[in-house]
Protein chains: 2
Amino acid sequence: MPNSEHVKLEAYLKERGQKVTKARKAVLRAFMELEGHVTADSLFAAAKKIDPGIGQATVFRTVKLLAEAGLAREACQDEGARTYEHAFRHSHHDHLRCERCGTIVEFYDKTIESAQEVVFKQYGFVAIGHKMELTGLCADCARRGI
Amino acid sequence: MPNSEHVKLEAYLKERGQKVTKARKAVLRAFMELEGHVTADSLFAAAKKIDPGIGQATVFRTVKLLAEAGLAREACQDEGARTYEHAFRHSHHDHLRCERCGTIVEFYDKTIESAQEVVFKQYGFVAIGHKMELTGLCADCARRGI
DNA sequence: GTGATATTGATAATCATTCTCATTTTGGAG
DNA sequence: CTCCAAAATGAGAATGATTATCAATATCAC
């Protein structure tokens with residue numbers, strides 16, 4: 001019984017001349033069974049129950065594929081090394097990053113900051129901090145087309 | 001000429017019975033010289049120019065210390081493995097995380113979402129997506145005191 | 001079915017980070 | 001200033017997550 005996630009994945013693959021394989025179907029099925037925040041490792045474990053011969057590398061590859069196909073999304077956590085920025089006598093700000101050229105613009109938006117306070121209160125949390133990154137294409141990269 | 005960052009670090013160290021060392025001073029000086037988003041690696045390179053004998057492990061240890069002392073802050077990027085969540089036919093949401101017990105609450109706030117659109121426009125960006133994580137103490141942990 | 005091509009699984013390699021531990025440095029007490 | 005216990009260091013090994021390599025295999029348009 002092909003559900004709509006499988007349909008969407010197959011459409012994505014066909015469109016790009018990629019193949020619908022046993023391993024990919026197994027990873028997607030495993031992913032759909034899991035709730036909340038899924039690591040590649042827990043996905044590997046779940047996928048092995050469906051296809052015991054599956055390799056770890058394939059799971060890593062496939063979960064990235066799912067993200068590209070719009071079926072999964074990364075819950076925070078960027079590529080590469082952790083970075084630090086000055087915090088003392090540097091006012092707080094958030095980041096706007098260009099996915100094409102990597103440019104990072106720092107911004108501060110009062111509406112967003114105060115809306116966050118509301119969210120904390122709403123859930124009974126005591127605020128400590130927050131991290132926000134908006135991603136998009138900067139004016140230059142957008143002009144050049146994607 | 002001791003600047004206020006050094007004063008703040010020394011105060012933090014004294015308060016906790018920790019020592020003011022050559023290596024720590026070198027890392028702080030290097031950190032103050034660098035702009036923007038600093039990786040442990042670039043900091044290591046900069047610190048070596050000040051104290052050629054410094055070790056990489058010390059730089060990693062010290063930048064964490066700077067963050068604890070309130071002189072640096074992590075620019076996104078959590079500990080541990082990357083996680084994924086369902087994206088297809090699952091509405092977008094952001095995260096509220098308890099620093100004490102790790103609980104993650106998913107929320108959606110219309111004010112924040114629309115304020116983001118404004119920021120994108122303001123800087124001429126074409127929006128792709130965003131990641132936001134609010135951190136604090138959940139009601140239970142806050143009640144138990146910190 | 002057949003063949004060109006994409007994909008796989010195993011493994012090695014890489015990268016960032018943390019741990020281990022013998023040696024050195026620090027700072028308070030005398 | 002000297003001594004000493006405790007803290008910190010640097011080198012290198014260890015770890016954990018992820019990615020690259022590559023020969024063997026599976027997929028699919030024909």
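Just so it is clear: chains get the letters A, B, ... in the order the sequence lines come, proteins before strands, and each one is counted from 1.
- We find that CD of Glu10(A) is positioned 19 Å from P of dA6(C), with the value rounded to whole Å.
- Heavy atoms of Arg61(B) sit under 4.0 angstrom from at least one base atom.
- Rounding to the nearest 0.5 angstrom, the gap separating the CG atom in Leu96(A) from the CG atom in Asp109(A) is 11.0 Å.
- Leu43(B) has its CG atom 14 Å from the C1' atom of dA16(C), to the nearest Å.
- We find that CG of Asp41(A) is positioned 14 Å from P of dT19(D), with the value rounded to whole Å.
- At least one donor-acceptor pair under 3.5 Å links the side chain of Thr62(B) to the backbone N or O of Thr58(B).
- The cluster map of Ile, Leu, Val, Met, Phe, Trp and Tyr, joined by side-chain heavy atoms under 4.5 Å apart, puts Leu65(B) and Phe60(B) in different clusters.
- The shortest distance between the side-chain N/O atoms of Gln18(A) and the OP1/OP2 oxygens of dT7(C) is below 4.0 Å.
- Considering only side-chain N and O atoms, Thr21(B) lies under 4.0 angstrom from the phosphate OP1 or OP2 of dT9(D).
- In this entry the distance linking NZ of Lys25(A) with C1' of dT7(C) reads 14 Å, nearest Å.
- Note on Lys22(B): every side-chain N or O is 4.0 Å or more away from OP1 and OP2 of dT24(C).
- Taking 4.0 angstrom as the limit, Thr58(A) places none of its side-chain polar atoms (N or O) nearer than this to OP1 or OP2 of dT7(C).
- Judged by atom type and distance alone, Lys19(B) reaches the base of dA6(D) through a side-chain donor-acceptor pair under 3.5 Å.
- Heavy atoms of Ala23(B) sit under 4.0 angstrom from primed sugar atoms or phosphate atoms, though from no base atom.
- For the pair Val59(A) and Ala40(A), the tightest heavy-atom approach, listed with the atom from each and the gap, is CG1-O, 3.7 Å.
- Clustering ILVMFWY residues whenever any of their side-chain heavy atoms sit less than 4.5 angstrom apart, transitively, puts Tyr123(A) in a cluster other than the one holding Ile128(A).
- Here the P atom of nucleotide dT5(C) and the NZ atom of Lys14(A) are 20 Å apart, to the nearest Å.
- When rounded to the nearest whole Å, the span between CD of Gln56(B) and C1' of dA16(C) equals 8 Å.
- Atoms CZ (Phe60(A)) and P (dT14(C)) sit 18 Å apart, rounded to a whole Å.
- In this structure, CG of Leu13(B) is placed 19 Å from P of dT25(C), rounded to the nearest angstrom.
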